[in-house]
Amino acid sequence: MIERARIKLRPWQQAVVAVGSALGALLDPRRADLIAALGETTGKPAFERVLERMKRNTEGIAMLLERPRVISAKVGHAWDLPENTFGAAYARFMGSRNFSPDDRPPVRFMDTDELAYVAMRAREVHDFWHTLFGLPTNLIGESALKVIEFEQMYLPMCLLSVVGGTARFNEKQRTLFFQHYFPWAVKAGLQCTDLMCVYYEQHFHEDLEDVRRKWGIIPAPTAPE
C-alpha cells in the first residue's frame, strides 16, 4: 500500500535525500529508486499543482476517488483486447520488452495520501505515455519523454533527467536528439491534453489512433536513416 511505504522527512533530510539521489542517478541512470526519490523530494509543488488540476477534471476526480493502480492484477486484461486498441498496444509495448507493471518503486516521501497517490500515478502512467507517443526505451526515447513529462508536470526531476541523459549522448545521438526529437517533444508536450487527468484504463478498449486524436497526441517521428 502507498500509505504504509511513506516516510516523513524534515526539510534538511529532504535536501540530503534529493542531493544524494541526484548524484547517484547521474552515476547510474538505471537506479529507478534513486530517480523516484529525486522526483518526490524535489517535486512536491509540482504534484500539488497536478492534484489541483485533477480535482477540477471529471476523469481526474474519478481517479482520486477510485485510486486505480497500474499493476498486473488491474491491467492484465489489456493482453486480451483486440489488436487495434490502446490496451493491446500497451500490452505489446510491455511484452516486447519483458516489462512488468509491478516493477515501479513505491512512493516514500510525500506528505499526504493524496499527494502520494498523484506521485504514484505519475510514475505508473509512464509506460502508457511511451505507448501513446510511440517512443522507444533507449536513452534518446527516455530523454524525449522526460521533455514531455516536464511540460506536463513541471517536475524538476524531469529536467534534471534530460540534462543527465543528454550528457551521456555521443555526438551522433546528441545531433539526432536536438535536431529531431527535442523539437518534436516540445511541440508534442504542449499540444496534447492534460495527460495526468486521463483515466487510461477506461479507454483500453478504444482504438489507438482514435485516442491519440482525442488527446492531441503527436506520435514520435521516424528517426532519419
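When reading the values below, keep in mind they use all heavy atoms of this one structure, side chains included, and skip hydrogens, waters and symmetry mates.
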Colleague: Just so I know, are the side chains of Glu201 and His77 near enough to count as touching, which here means a heavy-atom distance under 4.5 Å?
Modeller: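 Answer no - side chains too far apart.
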Colleague: Would you check if the side chain of Glu206 reaches a backbone N or O of His203 as a donor-acceptor pair within less than 3.5 Å?
Modeller: no
Colleague: Is the closest side-chain heavy-atom distance between Val50 and Arg121 below 4.5 Å?
Modeller: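 No, side chains not in contact.
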Colleague: Just grab all the side-chain hydrogen bond (donor to acceptor under 3.5 Å, both in side chains) pairs involving residues 189-199, residues at least two apart or on different chains.
Modeller: Arg53-Asp194, Glu66-Tyr199
Colleague: Can you name the one residue among His130, Arg123, Glu124 that meets side chain to side chain donor-acceptor pair (under 3.5 Å) with His126?
Modeller: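 The passing option is His130.
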Colleague: Report the residues that fulfil salt bridge (charged side-chain N to carboxylate O under 4.0 Å, His left out) with Glu142, sequence neighbours left out, ordered by chain and then residue number.
Modeller: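 Not a single residue meets the salt bridge (charged side-chain N to carboxylate O under 4.0 Å, His left out) criterion with Glu142.
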Colleague: Any donor-acceptor pair under 3.5 Å linking the side chain of Arg97 with the backbone of Pro136?
Modeller: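 Not at all, since once roles are kept as given, no pair shorter than 3.5 Å links the two residues.
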Colleague: To the nearest 0.5 Å, tell me how far Ile218 CD1 sits from Lys187 NZ.
Modeller: 5.0 Å
Colleague: Please tell me whether Val198 and Val125 are part of a single hydrophobic cluster in this structure, the criterion being side-chain heavy atoms less than 4.5 Å apart.
Modeller: yes
Colleague: Going by an N to O cut-off under 4.0 Å, is there a salt bridge joining Glu209 and Arg212?
Modeller: yes
Colleague: Compare all side-chain heavy atoms of Phe169 with those of Leu139 and state whether any distance is below 4.5 angstrom.
Modeller: yes
Colleague: Where do Leu115 and Thr112 come nearest, in terms of heavy atoms and distance?
Modeller: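 It is N-OG1, 3.1 Å.
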Colleague: Can you name the salt bridge (charged side-chain N to carboxylate O under 4.0 Å, His left out) partners of Glu151, sequence neighbours left out?
Modeller: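 Testing Glu151 for salt bridge (charged side-chain N to carboxylate O under 4.0 Å, His left out), a comparison that skips the adjacent residues, returns none.
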Colleague: Working to the nearest 0.5 Å, report the span between CD1 of Ile140 and NZ of Lys172.
Modeller: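 Interatomic distance, Ile140 CD1 to Lys172 NZ, rounded to 0.5 Å: 9.0 Å.
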Colleague: Look at the side-chain heavy atoms of Ile, Leu, Val, Met, Phe, Trp and Tyr, link any pair under 4.5 Å apart, and say whether Ile61 and Phe47 land in one connected group.
Modeller: no
Colleague: List the atom of Arg174, the atom of Thr166, and the distance in Å for their closest heavy-atom pair.
Modeller: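 Minimum heavy-atom contact is NH2-O, 3.3 Å.
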Colleague: Considering residues at least two apart in sequence or located in another chain, which fulfil the side-chain contact (heavy atoms from CB on, under 4.5 Å) criterion with Thr58?
Modeller: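 Result, side-chain contact (heavy atoms from CB on, under 4.5 Å) vs Thr58: none returned.
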Colleague: Is there side-chain contact between Cys192 and Phe133, with at least one heavy-atom pair below 4.5 Å?
Modeller: yes
Colleague: Out of curiosity, Leu195 CG to Ile148 CD1, how far, rounded to the nearest 0.5 Å?
Modeller: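 Rounded to the nearest 0.5 Å, the CG-CD1 separation comes out at 8.0 Å.
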Colleague: Considering all heavy atoms of both residues, which atom of Ala88 and which atom of Leu81 are nearest to each other, and what is their separation?
Modeller: CB-O, 3.7 Å
Colleague: Over all heavy atoms of both residues, which pair between Asn57 and Cys197 is shortest? Give the atoms and the distance, please.
Modeller: OD1-O, 3.2 Å
Colleague: Decide side chain to side chain donor-acceptor pair (under 3.5 Å) for Tyr200 and Trp129; before the verdict, give the C-alpha distance in whole Å, the side-chain angles of both, and the deciding distance to 0.1 Å.
Modeller: CA-CA 10 Å; Tyr200 296 97; Trp129 294 13; 2.8 Å; yes
Colleague: Measure the shortest side-chain to side-chain distance between Leu145 and Phe150 over non-hydrogen atoms and say whether it is less than 4.5 angstrom.
Modeller: no
Colleague: Is the shortest distance from a Lys or Arg side-chain nitrogen in Lys146 or Glu149 to a carboxylate oxygen in the other one below 4.0 Å?
Modeller: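 Yes.
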Colleague: Is there a continuous path of hydrophobic side-chain contacts, each under 4.5 Å between heavy atoms, that joins Val118 to Ile71?
Modeller: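 Per the 4.5 Å side-chain linkage, Val118 and Ile71 are not co-clustered.
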Colleague: Does any non-hydrogen side-chain atom of Tyr90 lie less than 4.5 Å from one of Val75?
Modeller: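 With C-beta onward as the side chain, the pair touches.
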Colleague: On a heavy-atom basis, which atom in Ala220 and which in Gly134 lie closest, and how many Å separate them?
Modeller: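 In terms of heavy atoms, the two residues are closest at CB-O, 4.0 Å.
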Colleague: Can you give each donor-acceptor pair under 3.5 Å made by side-chain atoms of residues 176-183, sequence neighbours left out, with the distance rounded to 0.1 Å?
Modeller:
{"unit_1": "His180", "atom_1": "NE2", "unit_2": "Thr222", "atom_2": "O", "d": "2.9"}

Colleague: Do Val186 and Tyr154 sit in one hydrophobic cluster, given that two such residues count as connected whenever their side-chain heavy atoms are within less than 4.5 Å of each other, even indirectly?
Modeller: no
Colleague: Residues in salt bridge (charged side-chain N to carboxylate O under 4.0 Å, His left out) with Arg56, at least two apart?
Modeller: none
Colleague: Honestly curious: do Val70 and Trp79 fall in one hydrophobic cluster under the side-chain, below-4.5 Å linking rule?
Modeller: yes
Colleague: Using the ring centroid of each side chain, check whether Phe204 and Phe128 are separated by less than 6.0 Å.
Modeller: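 Under 6.0 Å, so yes.
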Colleague: Kindly indicate, with the supporting measurements, whether the criterion side-chain contact (heavy atoms from CB on, under 4.5 Å) is fulfilled by Met153 and Arg49.
Modeller: CA-CA 8 Å; Met153 293 182 282; Arg49 289 191 293 269; over 6 Å; no
Colleague: Between atom CG of Leu51 and atom CD of Glu114, what is the distance when rounded to the nearest 0.5 Å?
Modeller: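 Result: 5.0 Å between the selected atoms.
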Colleague: If we only count heavy atoms from C-beta on, is the Met94 to Ser100 side-chain gap below 4.5 Å?
Modeller: no
Colleague: For Lys214, does the NZ atom have more than 12 heavy-atom neighbours from other residues, nucleotides or ligands under 6.0 Å away?
Modeller: yes
Colleague: Mind checking the CG-CG spacing from Asn84 to Asp207? Nearest 0.5 Å is all I need.
Modeller: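 Rounded to the nearest 0.5 Å, the CG-CG separation comes to 4.5 Å.
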Colleague: Is the shortest side-chain heavy-atom distance between Arg104 and Asp127 below 4.5 Å?
Modeller: yes
Colleague: At their closest point, which heavy atom of Met196 faces which heavy atom of Met63, and how far apart are they?
Modeller: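 Here Met196 and Met63 meet closest at O-CE, 3.5 Å.
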